[in-house]
Student: 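The structure's right below; bear with me while I get my questions together.
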Amino acid sequence: MDDQTPNSRRKRPTFTDQEALQFHQSGRPGKLEVVATKPMATQRDLSLAYSPGVAVPVLAIAADPARAYDYTAKGNLVGVISNGTAILGLGNRGALASKPVMEGKAVLFKRFADIDAFDLEVGTEDADELINCVRYLGPTFGGINLEDIKAPECFIVEERLRELMDIPVFHDDQHGTAIIAAAGLINALHLTGREMAQTRLVVNGAGAAGIACLDLLKALGLRPENVILCDTKGVVYQGRQEGMNQWKSAHAVRTDARTLADAMKGADAVFGLSAKGAFTDEMIRSMAANPIIFAMANPDPEITPEDVAAIRGDAIMATGRSDYPNQINNVLGFPYIFRGALDVRATSITMEMKIAAAQALADLAREDVPDEVAAAYQGSRPRFGREYIIPVPFDPRLISTVPPAVAEAAMEAGVAGRAIPNMAAYRDELQARRDPTAGVLSRVFERVRKYPKRVVFAEGEEEQVIRAAMSFANQGLGTAILVGREDRVVATAAAAGIDLEGRDGIEIHNARLSKRNSAYAQYLYARLQRQGFLFRDCQRLINQDRNHFAAAMTALGDADAMVTGVTRNFSVAFDDVRHVIDDKPGHRVIGVSLCLSRGHTVLVADTAVTEMPNAAALAEIAVEAAGVARRMGLEPRVALLAFSTFGHPEGERSRHVREAVKILDGQRVDFEYDGDMAADVALNRDLMAAYPFCRLTGPANVLVMPAFHSASISSRMLAQLGGATVIGPLIVGLDRSVQIVSLGATDTDLVRAAALAAYNIGG
């Protein structure tokens with residue numbers, strides 16, 4: 001990554017306690033639900049799913065237990081288990097309090113590796129009782145992920161369960177951190193010209209993660225005599241009695257060093273798995289040339305990158321935080337490690353499998369970054385180097401890189417219950433599991449954090465708008481400008497329990513009192529004077545209509561983008577904006593809806609502007625929609641839809657669509673397209689195969705509808721009946737970045753729209 005990346009040393013994004021509670025409480029409480037994977041619409045469906053049909057797989061599994069992987073969800077199901085004795089950085093808060101974390105872990109399994117997970121919180125602090133509870137769950141799960149169990153009990157629990165169970169048992173607090181940190185160290189050593197065997201390492205923190213890091217690094221070739229482990233009482237040396245246990249003793253060394261400061265003198269690398277402020281300036285100064293410093297305490301590292309940079313300029317830094325380069329993030333590991341282990345039906349996760357995961361991550365960071373990851377960096381493509389030694393969590397290649405490495409290691413180690421004969425086909429299968437735009441919003445938010453913008457929220461007196469503005473600013477996305485009367489804004493915020501006083505990143509602009517009021521009115525009058533508007537009409541619009549004021553602010557460069565729509569219908573807000581902002585030269589203004597549903601993610605156009613497009617308009621819509629797909633990191637495959645498929649049955653709208661395809665042929669556009677075709681053909685590879693002449697190489701990810709009404713109806717039906725998440729319509733083709741949310745949108749909808757506006761998704 002370029003050292004001059006803007007805002008690479010920014011403050012950590014934050015959120016209010018109320019935002020976190022509202023997120024977990026809104027709608028259906030919690031973060032999980034159970035969804036049936038088979039139809040349950042008829043009596044026959046129910047008979048097959050339960051009695052009497054279920055008896056058939058019961059007998060088959062009783063005869064051959066391995067068939068459970070064929071007839072049940074066992075092979076894609078992980079148990080996320082905790083007793084709450086070491087929750088994040090919060091300590092022992094009890095099993096019940098750990099449930100939000102365990103639900104979150106289950107969500108990450110699904111999001112990153114398409115693994116289903118159940119969270120189980122066990123109400124005991126006794127290691128034997130916990131072991132006895134979990135040991136009998138083997139028939140249910142394909143693997144066990146232990147989480148937030150304090151040391152040293154976590155070592156006992158994991159070791160014993162590994163002996164008792166014939167499925168993988170993995171304590172992520174230990175091994176997840178160790179694998180990601182090891183990958184980073186492999187690359188940091190490469191960049192500084194060091195060999196693992198000769199490296200002098202200090203590990204500060206002798207808990208689960210610290211011990212696991214040492215075990216893995218020694219397996220990778222780090223010499224035991226070159227490592228010093230420290231805890232709260234100082235160096236773990238041979239002969240020490242105080243605060244020792246068998247796991248610390250295994251890493252005790254002969255040394256005269258007794259304090260962390262002693263240990264760090266001349267050290268090549270240091271791992272911090274301890275607490276904020278544990279590393280002093282003097283300790284960092286005392287390290288060897290080109291020191292490697294992994295300060296992994298969360299939420300605040302042992303020392304910040306800013307502090308290290310002020311002391312010396314030759315260090316390679318990593319932290320546990322997402323707002324600095326080189327994040328040691330467990331989500332790079334556990335979803336993909338379990339994916340590979342489950343797919344070969346592994347009986348355990350071995351050291352060889354952990355080494356394979358670490359090496360795969362290290363190798364991936366050295367490869368060229370794909371466009372859909374580079375899109376998040378707005379032209380500053382990350383490259384292997386001091387600020388990019390570990391892949392980022394939204395890298396789409398992770399799922400097709402780490403699981404195969406883990407699976408191959410499992411097969412070589414003899415712990416695989418089944419073999420994968422064709423690894424190339426397996427990689428393709430893994431890539432197909434990944435929703436191609438599941439990470440789009442992550443990349444959008446990441447890029448906006450790096451290049452924060454000024455976004456004006458037109459309806460600044462509304463409670464959800466104030467909440468959204470607060471969240472936008474708190475997440476480090478930029479400055480949120482609320483348009484409204486300050487006393488009303490403050491009163492609404494106070495009534496909602498929001499304190500705006502002294503908040504960084506929040507501005508309140510009263511249209512009447514603005515120093516720019518006159519300039520905005522003059523600008524609007526110059527645009528509208530030949531459309532029947534007098535100057536006083538334009539002045540009144542600037543004074544009284546927040547959409548006109550906010551749009552003028554954006555048009556004249558006092559804001560980078562605008563969001564509105566909470567209190568007005570889309571068409572009304574859109575007309576307000578177009579009084580002030582022109583179409584982008586050479587572009588067509590359209591609406592594009594992003595529809596995310598299970599197995600399919602597509603862009604639908606035009607869902608907002610042109611009611612009955614002719615052939616030329618359809619071709620322009622296709623070009624604009626393909627551009628949106630590209631800006632989202634996708635390679636467009638555009639289907640121009642009709643009720644017919646390649647001429648059958650015949651119809652007027654179908655003729656327009658076919659003519660649009662001919663227009664695109666003449667323009668020689670640089671994306672895949674074809675039509676006319678029905679939606680099911682466009683989205684279903686098997687149905688598409690009936691038309692071997694079809695130009696699309698796979699299911700379409702951009703759908704151009706034959707008319708506005710069909711686009712709007714279909715996207716809304718997907719949201720209400722199909723369970724899809726529909727974002728938009730996103731406005732494309734305006735000369736300034738504006739997004740309009742749906743009437744009554746939530747604060748989450750507004751933040752998403754503001755981020756997309758700041759990203760300039762509309763081009």
Side-chain angles (χ1 to χ4, degrees), residues 436-437 587-595 597 599-632 634-718 722 724 726 728-730 732-733 763:
T437 55
H587 289 262
R588 181 183 191 87
V589 177
I590 65 170
V592 176
S593 292
L594 176 62
C595 300
S597 66
H600 290 290
T601 300
V602 297
L603 281 70
V604 180
D606 169 14
T607 54
V609 181
T610 307
E611 184 175 356
M612 295 292 285
N614 58 23
L618 286 169
E620 291 175 358
I621 290 168
V623 171
E624 294 291 346
V628 175
R630 284 247 167 86
R631 287 190 289 279
M632 300 181 90
L634 302 174
E635 190 55 41
R637 290 192 299 273
V638 180
L640 289 89
L641 298 187
F643 68 89
S644 59
T645 297
F646 299 118
H648 181 77
E650 187 59 74
E652 180 186 358
R653 298 308 301 168
S654 300
R655 286 194 292 273
H656 283 299
V657 172
R658 289 198 293 276
E659 184 61 32
V661 171
K662 292 179 182 178
I663 292 172
L664 292 172
D665 290 343
Q667 295 176 348
R668 298 186 177 183
V669 296
D670 63 346
F671 55 85
E672 292 182 23
Y673 62 92
D674 209 347
D676 57 318
M677 63 178 72
D680 55 348
V681 174
L683 295 171
N684 187 306
R685 188 185 298 272
D686 293 336
L687 293 177
M688 193 180 291
Y691 305 93
F693 52 84
C694 179
R695 304 172 184 176
L696 301 185
T697 59
N701 53 21
V702 178
L703 304 179
V704 175
M705 294 292 187
F708 172 8
H709 59 267
S710 57
S712 180
I713 290 168
S714 61
S715 60
R716 291 171 190 268
M717 285 182 67
L718 274 171
V726 178
L730 306 174
V732 177

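Since the structure is predicted, the reported quantities are computational estimates derived from the model, not experimental observations.
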Student: Distance from M632 atom CE to L594 atom CG, nearest 0.5 Å?
Tutor: 4.5 Å
Student: With side chains defined as the heavy atoms from C-beta onward, is the minimum distance between M677 and L696 less than 4.5 Å?
Tutor: yes
Student: Once the angle between the rings of F646 and Y691 is folded into 0 to 90°, is it parallel (under 30°), tilted (30 to 60°) or perpendicular (over 60°)?
Tutor: tilted
Student: With a 4.5 Å limit on heavy-atom distance, are the side chains of P613 and I621 in contact?
Tutor: yes
Student: Apply side-chain contact (heavy atoms from CB on, under 4.5 Å) to residues L664 and V623 and explain how you reach the verdict.
Tutor: CA-CA 9 Å; L664 292 172; V623 171; 3.9 Å; yes
Student: With salt bridge (charged side-chain N to carboxylate O under 4.0 Å, His left out) as the test, pick out the partner of R658 among D676, D674, D665.
Tutor: D676
Student: Which pair of non-hydrogen atoms, one from G591 and one from P729, has the smallest distance, and what is that distance?
Tutor: CA-CB, 4.1 Å
Student: Answer yes or no: is there a side-chain heavy-atom contact under 4.5 Å between E672 and R695?
Tutor: no
Student: Taking the side chain as C-beta and beyond, is there a heavy-atom pair between T610 and E620 under 4.5 Å?
Tutor: no
Student: Looking only at heavy atoms, which two atoms of A642 and P706 are closest? And how far apart?
Tutor: CA-CG, 4.4 Å
Student: Which atoms form the tightest heavy-atom contact between V602 and A700, and what is the distance?
Tutor: CG1-O, 3.5 Å
Student: Which atoms form the tightest heavy-atom contact between G733 and V589, and what is the distance?
Tutor: O-CG2, 3.6 Å
Student: Could you go through T645 and L687, starting from their C-alpha distance and side-chain angles, then the distance that decides it, and tell me whether this counts as side-chain contact (heavy atoms from CB on, under 4.5 Å)?
Tutor: CA-CA 11 Å; T645 297; L687 293 177; over 6 Å; no
Student: Find the distance between CZ (R655) and CG (N614) and round it off to the nearest 0.5 Å.
Tutor: 14.0 Å
Student: Supply the atom-to-atom distance T607 OG1 to I590 CD1, rounded to the nearest 0.5 angstrom.
Tutor: 8.0 Å
Student: Using a 3.5 Å distance criterion without hydrogens, assess whether the side chain of N701 forms a donor-acceptor pair with backbone atoms of R637.
Tutor: yes
Student: Please determine whether side-chain contact (heavy atoms from CB on, under 4.5 Å) holds for the pair E635 and T697, giving the CA-CA distance in whole Å, both sets of side-chain angles, and the decisive distance to 0.1 Å.
Tutor: CA-CA 11 Å; E635 190 55 41; T697 59; over 6 Å; no
Student: What are the two closest non-hydrogen atoms of S710 and M705, and how far apart are they?
Tutor: OG-CB, 3.6 Å
Student: Report the C-alpha distance between V657 and L618 in whole Å, list the side-chain angles of each, state the deciding distance to 0.1 Å, and finish with yes or no for side-chain contact (heavy atoms from CB on, under 4.5 Å).
Tutor: CA-CA 7 Å; V657 172; L618 286 169; 4.1 Å; yes
Student: Between CG of L603 and OG of S593, what distance do you get to the nearest 0.5 Å?
Tutor: 8.5 Å
Student: Please report the closest heavy-atom contact between P699 and L683, naming both atoms and the distance.
Tutor: CB-O, 3.7 Å
